[in-house]
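Note that the structure is predicted; figures quoted are calculated from it, not measured.
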Amino acid sequence: MNFANVRGRSTVTPSFGDRVMPGRALVILALALSTCSAMALEPRNGTFRFEPGENDSTAVPERYRLEAQTLEYKMALRYELRHNGINVFDVSFPSPVKSPIPENNTVYAEYFVPASASAGQKAPAVIVLDILDGAAVVARGEAVWLAQHGVASLFVHMAHYGPRRPPGSKVRLLSPNIEQSMNAIRQTVLDCRCATAWLASRPEIDANKLGLVGTSLGSIVGANVAGAEPRLKNVCLVLPAGGLVDALYDHPKAKPYLPLLELAGGKKVMKKVIAPADPITYAPQLKERNLLIIAASRDDVLPPSAARALWEACGKQKIVWFDSTHVGAAAFALPALQAVTEHVKQ
């Protein structure tokens, strides 16, 4: 299978068609989690310190700045995947943001670390952010793969996802309530800044080799995170988009909402409202990162033009095109993961 990371131009792979079951390759990667029983939990609790960088006031958008603070964390062994050479831990700590939903105010993460990683053999590490459906099949599959290939991965549940959503709650990170959605994105970004500080404090992690992997919704939120956190140097955005209002305003699925959007002020007003969460807003910061974009040339959810716009705005760094739809990109999971692994190990 031919794929490449190319600077200054794009590459298109041959199409496999979109007949494979969505996410099948990542389901296979994640099966190890369901086939291993949990060992006795080892409580490993402690504190870590978030310290803003010396240049935070200029390098970090005001919306995403944080004061110095000490946070308590809990860490417990979930799985020891001996055949995979991976240990998986549950990690939690208080969110620096307090929302009206108490369950949402604790950050929950899953830490996939190579068993060989130690203070004497430090591993690179990444923050991993999931897709919209939040089932975590994609995020856990990516984390398993990366840890098997020497990259520790901290899968962070975004605001109002997983254990951060109380049973029966209708609150979501993305909803027609734009103010609520923008607040949830901001909370997730600040949570991930703290999660980055936690990773950097780990003795088995090389704090100079930190990055981020976000897919679909995770790539949109992840672009905000990477733009806000200078320590995340190697950034992979899978199926992203930039210039969200331009990209989605004329999308067929948006047609039922256009009358309401026009009443709210139309495209011009929406751009101002959405801009604080639009990946393209953070192009100046992303230009300073080592950026890889993986896009689908027939994406029917986030238009290919939006991925290209983001790539161009970020300085035309590395981009890989797969000949697929948005969901059909699952057919290219393995070459995509190989490209991501190579990128984040730099």
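Side chains of Asp130 and Phe155 form a contact here, defined as non-hydrogen atoms less than 4.5 Å apart. A heavy-atom distance below 4.5 Å is found between the side chains of Leu291 and Ile293. Under the 4.5 Å side-chain criterion, counting only non-hydrogen atoms from C-beta, Thr215 is not in contact with Leu237. Within the 4.5 Å cutoff, the side chain of Arg164 has heavy atoms near those of the Ser95 side chain. Contact annotation: the side chain of Trp145 approaches that of Leu334 to within less than 4.5 Å [non-hydrogen atoms, C-beta and beyond]. Within the 4.5 Å cutoff, no side-chain heavy atoms of Pro52 are placed close to those of Arg65. For the pair Thr196/Ile127, a side-chain contact is recorded, criterion being any heavy-atom separation below 4.5 Å from C-beta on. Under the 4.5 Å side-chain criterion, counting only non-hydrogen atoms from C-beta, Asn183 is not in contact with Gln187.
Across all their heavy atoms, Gly150 and Pro124 have their closest contact at O-CD, 3.4 Å. Closest heavy-atom contact between Tyr64 and Ala228: CB-CB, 3.5 Å. Smallest separation of non-hydrogen atoms from Ala307 and Ala295: CB-CB, 3.8 Å. Here the closest non-hydrogen pair linking Gly242 and Ala309 is O-CB, 4.3 Å. The two residues Ser324 and Phe332 have their closest heavy-atom pair at CB-CE1, 3.7 Å. For the pair Pro61 and Gly227, the tightest heavy-atom approach, listed with the atom from each and the gap, is CD-O, 3.8 Å.
Considering NE2 of His160 and CE of Met158, their distance stands at 11.5 Å, rounded to 0.5 Å. Taking NZ of Lys345 as the start and NE2 of His343 as the end, the distance is 14.0 Å to the nearest 0.5 Å. In this structure, CG on Leu292 lies 9.0 Å from CD on Gln346, to the nearest 0.5 angstrom. From Phe48, atom CZ reaches atom CZ of Arg202 across 11.0 Å, with rounding to the nearest 0.5 Å. Between the CG atom of Asn87 and the CZ atom of Arg78 there is a distance of 13.5 Å, given to the nearest 0.5 Å. Between Asp191 atom CG and Arg193 atom CZ the span is 12.0 Å, to the nearest 0.5 Å.
Under the 3.5 Å distance criterion, with hydrogens and angles disregarded, no donor-acceptor pair is assigned to the side chains of Asn290 and Gln317. Residues His326 and Asp300 have side chains that never bring a donor and an acceptor to within less than 3.5 angstrom of each other. A donor and an acceptor atom, one from each side chain of Asn104 and Ser99, are located under 3.5 Å apart. A donor atom on one side chain and an acceptor atom on the other are found under 3.5 Å apart for Thr70 and Arg49. No side-chain N or O of His149 forms a donor-acceptor pair with one of Gln338 less than 3.5 Å apart.
Checked options Val126, Val344, Val235, Ile205; the residue passing with Leu210 is Ile205 (criterion: side-chain contact (heavy atoms from CB on, under 4.5 Å)). Shown are Phe50, Phe93, Phe89, Tyr111; of these, the ring-ring contact (aromatic ring centres under 6.0 Å, His included) with Trp198 is made only by Tyr111.
A salt bridge is defined here as a Lys NZ or Arg NE, NH1 or NH2 lying under 4.0 Å from an Asp or Glu carboxylate O, and Arg140 with Glu110 meets this definition. Classification of Asp90 and Arg44 as a salt-bridged pair fails, no side-chain N sitting under 4.0 Å from a carboxylate O.
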Would you please test Gln180 and Val171 for side-chain contact (heavy atoms from CB on, under 4.5 Å) and show each step?
-> CA-CA 9 Å; Gln180 177 182 287; Val171 178; 3.5 Å; yes
Check against side-chain contact (heavy atoms from CB on, under 4.5 Å), Cys194 and Leu66 | CA-CA 9 Å; Cys194 292; Leu66 266 178; 3.8 Å; yes
Worked verdict on Leu71 versus Thr47 for side-chain contact (heavy atoms from CB on, under 4.5 Å) | CA-CA 5 Å; Leu71 298 165; Thr47 63; over 6 Å; no
Test side-chain contact (heavy atoms from CB on, under 4.5 Å) applied to Glu204 and Lys122, step by step | CA-CA 5 Å; Glu204 72 276 8; Lys122 295 178 182 288; 5.9 Å; no
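In terms of modelled atom types and a separation under 3.5 Å, the side chain of Ser175 and the main chain of Arg172 share no donor-acceptor contact. With hydrogens and angles ignored, the 3.5 Å screen pairs a side-chain donor or acceptor of Asp299 with a backbone N or O of Leu302. Counting only distance, with no hydrogens or angles, the side chain of Asp133 and the backbone of Ala135 share a donor-acceptor pair below 3.5 Å. Using a distance-only test at 3.5 Å, with no hydrogens or angles considered, a donor-acceptor pair links the side chain of Thr325 to the main chain of Gly328. Checking side-chain atoms of Thr188 against main-chain N and O of Ala159 turns up a donor-acceptor pair under 3.5 Å. In this structure, Ser169 contributes its side chain and Arg165 its backbone to no donor-acceptor pair below 3.5 Å. Using modelled atom types, no side-chain atom of Glu80 and backbone atom of Arg82 make a donor-acceptor pair closer than 3.5 Å. Side-chain N or O atoms of Arg63 include none that pairs as donor or acceptor with a backbone N or O of Val60 at under 3.5 Å. Remark: the backbone N or O of Gly53 is paired with a side-chain donor or acceptor of Asp56 at under 3.5 angstrom.
Every residue two or more places apart in sequence or in another chain that forms a side chain to side chain contact (heavy atoms under 4.5 Å, CB included) with Asp278 is listed here: Leu244, Ile280, Thr281.
Residue Leu173 is not grouped with residue Ile101 when hydrophobic side chains (ILVMFWY) are merged at heavy-atom distances under 4.5 angstrom, including chains of intermediate members. Side-chain heavy atoms closer than 4.5 Å link hydrophobic residues (I, L, V, M, F, W, Y) into clusters, and following such links, even through other members, never connects Tyr108 to Leu199.
With a 6.0 Å radius and a threshold of 12 heavy atoms from other residues, nucleotides or ligands, Glu72 has its CD atom at or below the threshold. Counted within 6.0 Å of NZ on Lys74, heavy atoms from surrounding residues, nucleotides or ligands total 12 or fewer; the atom is thus considered open.
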